[in-house]
Amino acid sequence: KAEGVAAYEALRWSLARANLDGGGLGSRILTDSFVPGIKFGLHVYDSCGHGDRAVAGLGEVFPVVREGPSACSPLSNDTLLALGVVDLTGITSTHQNLARLLQKYHVPVVNVAAPVLIPPEERGQAVMKFLSMLKWEATSILLADEEYSLSVVKVVTEMATAHNICLSNVVRIPSQLHDTSSQDHSSTEAALKYRNLVRAALNDGQTSGVVVVAS
């Protein structure tokens, strides 16, 4: 997504300047990097908006989170040390077990989730523009039962008439089903519940498609 690319480029730009060890930076003459002898970089893991993939990515970068203290090993001379996590998905704040593990093993986290990067007004406008391009004149919406998604759908609802789009149905995804940290249902049970929700959204038979809105 464009917002993710923009965040990545901003981080890359900032780290490049922190790594400068000579020349000029604005009005300053540099004689060493921000932290002498240390070069900063990024290990980027694209979760494509899926919580489970975000958790798996953290396990790859920080094996101790996935496997416990047994995954710890002495650092070799060529080890690239991961200092912390910049979370663009929000998974570190919604996945309670993961949050506890990161805190237990002292992994610093900067949480920059979708509501911070993309205001609900902008996402709602983008959804409406997308629907207009697809010519989905009758559309149903599945939305997560949380404040951010509700705000997005409110924008879509307010703009729908002006764009000649009929919202046939709006169905909420129960919070227990949307919460990736919940262990109360198996993946098969969750898939069946999602299927039933989609069927509910399509129950009038006149819908061009279904849009899922979730942070």
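One-based numbering along the sequence shown. Bear in mind the structure is a predicted one, so any value in this text is a computation, not a measurement.
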* Does the side-chain contact (heavy atoms from CB on, under 4.5 Å) test come out yes or no for Val85 and Val107, once each step is laid out? -> CA-CA 7 Å; Val85 177; Val107 178; 3.9 Å; yes

* From Ile141 atom CD1 to Asn169 atom CG, the distance as rounded to the nearest 0.5 Å -> 10.0 Å

* Within a strict 4.5 Å, meaning less than it, do heavy atoms of the Val171 and Ile173 side chains meet? -> no

* To do: Verify, without hydrogens or angle tests, whether Asn19 (side chain) and Phe40 (backbone) share a donor-acceptor contact under 3.5 angstrom.
  => yes

* Structure fact -> By side-chain hydrogen bond (donor to acceptor under 3.5 Å, both in side chains), Arg195 pairs with (sequence neighbours left out) none

* Residue list, side chain to side chain contact (heavy atoms under 4.5 Å, CB included) with Ala138, at least two apart or on another chain -> Ser168, Ser208

* Decide yes or no on side-chain contact (heavy atoms from CB on, under 4.5 Å) for Glu137 and Asn164, but give the supporting numbers first. => CA-CA 7 Å; Glu137 296 179 354; Asn164 297 317; 5.9 Å; no

* Asked: Is the shortest heavy-atom distance from the side chain of Val153 to the side chain of Val155 under 4.5 Å?
  -> no

* Indicate yes or no for a side-chain donor-acceptor contact from Ser149 to the backbone of Glu146 under 3.5 Å, with no hydrogens or angles considered. => no

* CZ/Arg123 to CE/Met128 distance, rounded to the nearest 0.5 angstrom? -> 14.5 Å

* To do: Mind checking the CG-CE spacing from Leu131 to Met159? Nearest 0.5 Å is all I need.
  => 10.0 Å

* To do: Might you confirm whether atom CD of Gln103 has over 12 heavy atoms from other residues, nucleotides or ligands at distances under 6.0 Å?
  => no

